Amino acid sequence: MFATLDLDIRPGSGIGMFELGTSLWAVIDMLRGLQHLFPQVEVKFDPDNSATTPVILHLRPHLDLLFSGYHQRLHTICVRKLREPHPPVMLRYKDTVVSSSAEPLVRVHVSRTFGPTYPGDELKYPGIWFSFDDDGVNEGFKGGITHLEQRTQEVKRIFVGQKSVDGDERDALDEVLPCPIMRGDISSAVIKVVSATFSVIILTPQTNQIHDGVHFSFFSSASLLQVRIGETTAQDLTIDLGPPSRVHHKEDERMTIHSPNLQASEDDGSTDYFYNYFHHGVDFLISGQTHLVRKIVIHSNVPGSPLFQRYKRCPWQLESKPEDDEDDSPPRKHFYDKFEMISHFLSPREPPPSMLLDRTDEYDNITLPSSTTRLYGYDGVILEVNEASQVVTVMLF
């Protein structure tokens with residue numbers, strides 16, 4: 001016996017527990033606790049462009065959730081197979097049942113409930129439209145259809161999306177417009193890149209040094225938060241970002257073997273700890289002695305990468321100084337740019353030698369399709385890059 005999936009329809013806003021504009025990370029995190037309602041969840045994306053691909057969650061058999069490619073926000077909700085009994089689905093609009101497995105929704109009922117609209121194969125209203133096609137099988141207007149047959153056409157799919165500001169129909173690949181559900185989320189993380197030159201003894205060409213920390217902007221807020229290494233404290237983070245999702249004491253010291261600083265390689269660092277902000281896509285390593293930020297780790301949440309869904313996507317970008325005083329648009333590279341472009345932005349030389357990292361080495365009996373990434377070190381920054389040449393994490397120190 002299946003429990004009925006009872007969902008309320010909110011045109012331009014959402015359906016049931018799903019709100020337009022919610023992040024992909026938040027929705028999948030919620031679904032982990034709703035396996036009794038949605039036991040089958042399938043994630044689909046374009047593996048060739050996984051950094052910017054729209055992502056579709058199939059919640060079989062009734063729901064498809066489309067997320068935007070860049071900010072990974074819930075863009076469109078589709079309800080289908082309205083008469084499928086396993087489980088049955090009931091749809092309400094303003095506390096009135098409009099569809100159930102026993103009472104199919106037909107064209108005339110849509111008109112009675114939502115009022116008049118422009119003619120067409122689909123009934124479209126601001127923030128919602130009703131399709132009479134069943135998963136691509138055209139069952140809309142046919143030649144010779146009678147008025148009675150048209151009135152009793154059964155709705156096969158219902159789509160809910162954001163209402164257009166200018167009245168034009170929004171494209172399925174557009175980004176989601178800012179909405180209340182985004183309030184307090186990071187809208188951008190700008191990493192300032194300052195030009196510097198290595199010592200003449202090393203005789204290396206000019207490079208770019210990351211040392212100004214990160215400037216965080218937030219939806220529905222004009223405030224700007226700057227986190228600087230060696231200056232921002234753990235208490236500052238708690239005040240500005242709220243308490244972390246997790247406080248994790250640093251245990252992995254294997255990278256210190258590569259440090260030229262003998263004191264750093266010999267210091268066990270056992271008192272250092274991480275502030276993990278999974279819901280912001282950022283980690284901060286805090287000194288156990290001074291409680292100052294020592295490192296910042298920013299996550300891209302690239303589908304198919306080993307850390308996918310561990311963190312929400314943080315939309316980071318590298319920003320350098322304008323080439324001249326009259327230029328008010330500084331050059332930038334973004335999380336979706338390929339590694340080769342970002343590497344040249346950081347240093348005009350060839351990419352540095354890389355180290356191999358396999359995320360499954362820490363676990364027994366776990367395999368991933370693409371578990372291997374490479375670490376590339378620059379002055380003040382390490383890029384973790386996957387096999388598709390996409391930067392999955394940025395580590396600042």
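Since the model is a prediction, treat every value here as computed from it, not as a measurement.
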Item to check | Modelled atom types, side-chain donor and acceptor of Tyr277 and His299, under 3.5 Å | outcome: no
Students often mix this up, so state it plainly: with edges at 30° and 60°, are the rings of His248 and Phe274 parallel, tilted or perpendicular?
parallel
Query - Donor on one side chain, acceptor on other, Asp64 and His58, under 3.5 Å - result: yes
>> Do Asp185 and Arg73 make a side-chain contact, defined as non-hydrogen atoms from C-beta onward lying under 4.5 Å apart?
In response: yes
inquiry  = Can you tell me how the ring of Trp129 sits relative to the ring of Phe159, calling it parallel under 30°, perpendicular over 60° and tilted otherwise?
reply    = parallel
Per side-chain contact (heavy atoms from CB on, under 4.5 Å), Leu7 is matched among Thr4, Ile9, Leu5 by Leu5
| said: Counting C-beta onward and ignoring hydrogens, is there a side-chain heavy-atom pair between Ile382 and Tyr376 closer than 4.5 Å? | reply: no
Side chains of Arg313 and Asn301: donor-acceptor distance under 3.5 Å anywhere?
no
* Asked: Is it the case that Gln289 and Thr271 place a side-chain donor and acceptor less than 3.5 Å from each other?
  -> no
Requested in this report: Apply ring pair (Phe, Tyr, Trp, His ring centres under 6.0 Å) to Tyr378 and Phe339, showing your working.
Outcome: CA-CA 13 Å; Tyr378 302 83; Phe339 161 70; 7.0 Å; no
Using the six-membered ring wherever Trp is involved, compare the ring planes of Phe216 and Phe284 and label them parallel, tilted or perpendicular (cut-offs 30° and 60°). perpendicular
Those residues at least two apart in sequence (or on a different chain) that pass ring pair (Phe, Tyr, Trp, His ring centres under 6.0 Å) with Phe308 are none
* To do: Could you label the plane-to-plane angle of the Tyr311 and Phe278 rings as parallel, tilted or perpendicular, counting under 30° as parallel and over 60° as perpendicular?
  => tilted
| request: Go through the steps to decide whether Arg183 and Phe219 satisfy the test side-chain contact (heavy atoms from CB on, under 4.5 Å), and finish with yes or no. | output: CA-CA 5 Å; Arg183 185 182 301 273; Phe219 287 106; 5.8 Å; no
Nearest heavy-atom contact between Pro330 and Ser320 is CB-O, 3.0 Å
So the side chain to side chain donor-acceptor pair (under 3.5 Å) pairs with at least one residue in residues 6-24 (sequence neighbours excluded) are Asp6-Arg92, Asp8-Arg10, Arg10-Glu19, Ser13-Glu19
Would you please classify the geometry between the Tyr125 ring and the Phe130 ring as parallel, tilted or perpendicular, with 30° and 60° separating the classes? perpendicular
Non-hydrogen side-chain atoms of Arg332 and His334 separated by less than 4.5 Å = yes
Quick one: do the Asp236 and Thr233 side chains pair a donor with an acceptor below 3.5 Å?
-> yes
**Report entry** Modelled atom types, side-chain donor and acceptor of Ser50 and Gln390, under 3.5 Å
**Finding:** yes
